[in-house]
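Comments concern the structure below.
Order of appearance sets the numbers: ligands from 1, and atoms from 1 within every ligand.
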Amino acid sequence: MIKFIGNYIKIDTKNTTLLLEIINKRVVKRYYGSKIRDDKDENVFRGFFDESIEFSSSTDDTTYDNTMMSSNGDGANIEFMVKLYTNNNIVSRFIYDSCELVDINEGYTNFPHSYDKKETIKFIYNDVVSGVKLYHYLSTYEDMDVMSSFLELDNTSNELVHINRLMSLQLDFDTSEGTIYTLDGAWTKERFLSKNHVSNTTFKISSVSGASSNVHNPFMMLEIKNQGFYGTNLVYSGNHLELVDMIPVGKMRLLTGLNDYYFDYKLEPNKTFKSPEAIFTFGVDSDSITFNMHRFIKRHIIREDFREMDRPILINNWEATYFDFTKEKLLSLATKAKSLGIELFVLDDGWFSGRKDDHSSLGDWFDNREKTGGLENLSKSLKDLGMKFGLWVEPEMISEDSELFRKHPEYMMRIPNVKPLEKRFQQMLDLTNKEVENYVIEVLSDLFKKVNVDYVKWDCNRYLIDIYSNSNTDLHEYHYRYIKALYNILYTLTTRFPHVLFESCSAGGNRFDLGMMYFFPQAWCSDNTDAFDRLYIQEGTLYAYPQNTMGAHVSITPNHQTEGSVYIDSRFNVAAFGAFGYELDLLKLKKEDLKAIKNQVSFYKKYRDIFQRGDYYRINSVFDSNNFGWISVNKNKTKALATIVIQKFKMNTLKLKFYLKGLNKDYKYKVSVRNQDNLKEAREFVMYGDALMSYGLDFGNLFYQETTRALNSYSFASRLLIIERVK
Ligand code: GLA
């Protein structure tokens, strides 16, 4: 609810308040945190904020006041939100003009944004230097305890304005120290949680590769002593920048938005430019940030048709066959998968043109009928079997050894007369060339129509390096324009094929972000399928993104990436907390493993809605504990599933307790251990919710009875608990 009380604007969600005050023609942030009560008397908000008491060196120095927007002409020696220049000026100074409530809700469009904003307030500023206008939009999603923010620059001057920086969100705080949590990594090591306590410095994460990247995800969480936790994320898939600037006067500014790296956007008179949307939330602990982000994404980012949709259990042939398959092999794999209850067969890389390894053919999206026996036939055989059909594509790429390159070398992104750097033996298409954009749309539309796909895995195995365009794209706008063109392609294809479930992938999890999620409701999380490493990758990912957006598969032991070994049901217990599937050669498995998989599939189906859409909480954390787990609870708290893990058995140290979360404290629950093959018997007991959450459960008892001594022969041991309300 947005309320105007005297000079104050009080923006409330169910449990939080953002309190702003219009003062000295600026929008000052007085408070953001747990909800504070209403009053018609604005004096109750003023407290000690008495303008006559000034501690700064001069009485009119308001430079370091907390504001919701800033520019390089504010006079403060701190990072700022907006930087513009024109032929004559390099400074801008924005003066608040007015504000109004507006409705900016839109349906599905070709640039990602959140749906169904409850209320939006638009602040209007004038730049006294250049004469341009700036609009700052703040929206609420009441029940979610989330708000969003973005800027729009309106060139109301009569000269060209260069935008060097236009961030999406600014949050100022009265402190110069805090703990910052980010999700950082690399290929096969995506989104590991980093925790940095910092003071009096500038903390920065960013990406410059053209993708949101596996190096630093755009999600960020900030913990401030005596206040709580603040989470932010950006609805964008390209270069991003997050800054937390702290200066010793007890001042901190958090900024998130488009990276200004080589960014110089030319805005003609009468044109506007919008920054991507940033979302932000407050919570008393890190669990609340995760909870709020998950609920928000599920309701306000994912397309409507996919919000409540059960994600099918899939089998992907990549780790089963890599490039080496025949139509017979694919069909036997699918038939075996079907007999185990698996629902979707995904044909990965290698089905098109002359593609026999990763050196050729990207761009030639034409069926290699010799290998596939004809994709239409394959798709039909699968449908006859009662399975859905999915296909892998990597449409943003071009191989130098391809028909497309021979015909259209100018489609490739490369600098004239310079040998471009190769990554994974491939190059990128120049999507900023409209002709290339259209080629991608049409070639894929033809393919999807002909083959009747239910699912598409959209890969992107390298990033932008030799940036250049034959279609005269301004190179200082290139990163942004690439993403815009990509979004238009995704929008067009998802509109033409509205029922296809798209999964984004980028060399594993190199583009796991809200921009992609707006178009494609799930994403492959990592090429590392070792369940031990996945404990980290998935818990990190789940900090910011809900279970049903995260592709997670059971693969073979020893694992192809790490050679690590994990017991078959532990592999399940980890992958089950995502958009679940298998990626291994079922035809080579032992009988016991096939039996285990059959049980897993039917168990997952029974509880799929809780695994995929339940409320998720961490039970301890893999990042700081030897014993930890995850729990997912249904809406009315009558059922929950928990995976609990212990990393190493050490004699006499098993008196470890763990505490469930998210249950109703007054309900009585039956807790049973899912019967894994390596347990002598499945145990169960009954307890009240409050006891389960505060009395604690004994790890030792739950890990007792292992028949295989799997605790130490594998990298970790796990149990899956089923928690159901009993009367
Ligand atoms: C990437 C993906 C994998 C697989 C291969 C195919 O690495 O992340 O899952 O699809 O490409 O080449």
Does ligand 1 have an atom under 4.0 Å from some heavy atom of E394?
-> no

Mutual orientation of the aromatic rings belonging to Y487 and Y236 [parallel < 30°, tilted 30-60°, perpendicular > 60°] | perpendicular

Near W392, which atoms of ligand 1 are under 4.0 Å from a heavy atom of that residue?
-> 10 (O)

When the aromatic ring centroids of F580 and Y582 are compared, is their separation below 6.0 Å?
-> yes

Kindly say whether the aromatic ring centers of F577 and F611 come within a distance under 6.0 Å.
-> yes

Ring centre gap for H294 and Y616 strictly below 6.0 Å | yes

Quick one: nearest non-hydrogen protein atom to atom 12 (O) of ligand 1, plus distance?
-> D349 OD2, 2.7 Å

For atom 10 (O) of ligand 1, the option (of D348, N461, N316) bearing the nearest heavy atom = D348

Could you check which of N528, D527, N510 puts a non-hydrogen atom nearest to atom 8 (O) of ligand 1?
-> D527

Please state which protein non-hydrogen atom is closest to atom 9 (O) of ligand 1 and give its distance, to 0.1 Å?
-> K457 NZ, 2.7 Å

Decide, yes or no, whether a salt bridge links K380 with D384 under the criterion of side-chain N to carboxylate O below 4.0 Å.
-> yes

Where does the angle between the aromatic ring planes of W365 and W351 fall among parallel (under 30°), tilted (30 to 60°) and perpendicular (over 60°)?
-> tilted

Assess the pair H560 and Y322: is the distance between their ring centroids shorter than 6.0 Å?
-> yes

Any idea which atoms of ligand 1 are less than 4.0 Å away from a heavy-atom of W524?
-> 8 (O), 9 (O)

Mind checking whether F389 and Y455 have ring centres under 6.0 Å apart?
-> no

With heavy atoms of C505 as the reference, note each atom of ligand 1 found under 4.0 Å away.
-> 2 (C), 8 (O)

Could you tell me which atoms of ligand 1, counted from 1 in the order shown, lie closer than 4.0 angstrom to a heavy atom of G508?
-> 8 (O)

Short N or O distance, R424 and ligand 1, threshold 3.5 Å exclusive | yes

Protein residue, atom and distance nearest to atom 2 (C) of ligand 1, heavy-atom basis | D459 OD2, 3.0 Å

Under 4.0 Å from one or more heavy atoms of A507, ligand 1 contributes atoms 8 (O)

